[in-house]
Protein chains: 2
Amino acid sequence: MLSKKCKYAIHALVYLAEKYQQGPVHISEIAQKKHIPKKFLEAILLELRKSKVLLSKKGKGGGYYLHQKPSDVNLMDIIRIMDGAIALLPCVSLNYYEKCDECRNEKSCGIRDSFIQVRDKTLSILGGSTLDKILKYEKSMASK
Amino acid sequence: MLSKKCKYAIHALVYLAEKYQQGPVHISEIAQKKHIPKKFLEAILLELRKSKVLLSKKGKGGGYYLHQKPSDVNLMDIIRIMDGAIALLPCVSLNYYEKCDECRNEKSCGIRDSFIQVRDKTLSILGGSTLDKILKYEKSMASK
DNA sequence: TTATAAATCTATTAATTCTATAGATATTAA
DNA sequence: TTAATATCTATAGAATTAATAGATTTATAA
């Protein structure tokens, strides 16, 4: 399961993709529209800014906005920033690998093999899920 | 990420699949061979017994053993028993569904769509990963 | 120059979950 | 009757998650 923090981050980013190139958006606006606790969202957006996903402008008329085009931001990257590993086992993670105590010979571990498959499929789907595709999907479904 | 409890459960079950039809196996033996804290493993095996995955025999010469053939036990079922939902979002889970506060119209949510794909691929891979296949894989790799 | 509105930073906390352990009890086989 | 085993109840420390509070900094506009 993704953490709430991560889920909030995704929703906030989809909202900012909708407002892409329309100037900075207030935290309060996002919090209200997406039903996210404001103070919590504050910390989330700050984290996304530090990871170069967002840019911000302080002071009056300030707010947050996307650093890149919506087509350059995907769910895989967001989840890794907010929650860390995507793989279901540490010994199978590409970015957050940790050795497993249970098996001596990693290569012959039949458990790993299944989770490597899950990891690769998941990365492929999430890596292809960009903010613009998510928006397009929502607009195509809204008319139905 | 799977919990350690779940990972321990999988390793223990693979071990019991190896000893299938060779009588009950002691907790201590599994704990030692798989490097799992004994008392923790105790709770895990008890949970698997209550879920009908294992059977047990008390007293001298007792222990735990598989209730079904190794080909009838798969990772999907084990993970659901130990950790609950497999889906990455509650609003996309088949067995542990929960409504999402962030989106009004679930059907038109572009985020859900991606996670439904991840869920289905994951279930398909894990559902097909049975204990006997895991064992076969290990034996085929051990000779290399 | 000043007032205001916004992000930023530091700290804290409540709740929950995870991981693990301790000790008493029940059961079975020899 | 004894020893070996699972079973049950309770507990607890650690880590993580989710959320809040309040002070500070920065930028804009009047």
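In what follows, every chain begins at residue 1, and chains take the letters A, B, ... in the order their sequences are listed.
With sequence neighbours left out, A/S28 forms a side chain to side chain donor-acceptor pair (under 3.5 Å) with no residue at all. Listed by chain and number, the residues in a side chain to side chain donor-acceptor pair (under 3.5 Å) with B/E106 are B/Y97 (sequence neighbours excluded).
In this entry the distance linking CZ of B/F40 with P of C/dC18 reads 9 Å, nearest Å. Atom CE in A/M82 sits roughly 12 Å away from atom C1' in D/dA18 (whole-Å rounding). In this structure, B/I27 places its CD1 atom 14 Å from C1' of C/dT21, rounding to the nearest Å. C/dA20 atom P lies 14 Å from atom NE2 of B/H35, rounded to whole Å. Here D/dA6 presents its P atom at 12 Å from OH of B/Y65, a figure rounded to the nearest Å. Taking atom CG on B/L41 and atom P on C/dA22, their separation rounds to 16 Å, with Å as the unit. Atom CG of B/L2 and atom P of C/dT19 are 10 Å apart (whole Å). Straight-line distance from the CD atom of B/Q32 to the P atom of D/dT5: 12 Å, rounded to whole Å.
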From CA spacing to verdict: side-chain contact (heavy atoms from CB on, under 4.5 Å), A/L2, B/F115:
CA-CA 11 Å; A/L2 302 186; B/F115 288 105; 3.7 Å; yes
Stepwise, does the salt bridge (charged side-chain N to carboxylate O under 4.0 Å, His left out) test hold for A/K50 with A/E47?
CA-CA 5 Å; A/K50 284 177 179 161; A/E47 201 170 334; over 6 Å; no
Determine, step by step, whether A/H11 and A/K7 satisfy the side-chain contact (heavy atoms from CB on, under 4.5 Å) criterion, reporting the C-alpha distance in whole Å, the side-chain angles of both residues, the deciding distance to 0.1 Å, and the verdict.
CA-CA 6 Å; A/H11 280 285; A/K7 197 172 63 157; 4.0 Å; yes
Could you go step by step and tell me if A/L54 and A/L66 meet the side-chain contact (heavy atoms from CB on, under 4.5 Å) rule?
CA-CA 5 Å; A/L54 294 178; A/L66 286 182; 3.8 Å; yes
Which pairs, protein N/O on one side and nucleotides 11-17 of chain C N/O on the other, fall under 3.5 Å?
none

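With contacts defined as side-chain heavy-atom distances shorter than 4.5 Å, the pair B/D77/B/V53 does not qualify. Put simply, the side chain of A/L94 does not reach to within 4.5 Å of the side chain of A/I86, judged on heavy atoms. By the 4.5 Å heavy-atom criterion applied to side chains, B/K5 and B/F40 are counted as neighbours.
No engagement by A/L45 is indicated, since no non-hydrogen atom pair under 4.0 Å with the nucleic acid exists.
Among D/dA18, C/dC9, C/dT19, the nucleotide with an atom closest to any side-chain atom of A/K50 is C/dC9.
DNA chain D lies under 4.0 Å from at least one heavy atom of each of the following residues of residues 4-26 of chain A: A/K4, A/K5, A/Y8.
Summarising the hydrophobic clusters (Ile, Leu, Val, Met, Phe, Trp, Tyr; side-chain heavy atoms under 4.5 Å, direct or chained), the residues clustered with A/Y96 are none.
In terms of position on DNA chain C, the residue among B/P37 and B/D83 whose nearest nucleotide sits closer to the 5' end is B/D83.
Closest approach of A/I44 to A/A9, counting heavy atoms only: CG2-CB, 3.7 Å.
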Within the 4.0 Å limit for protein heavy atoms, which parts of nucleotides 21-30 of chain D are touched? Write it as a string from 5' to 3', B for base, S for sugar-phosphate only, - for none.
BB--BBBB--
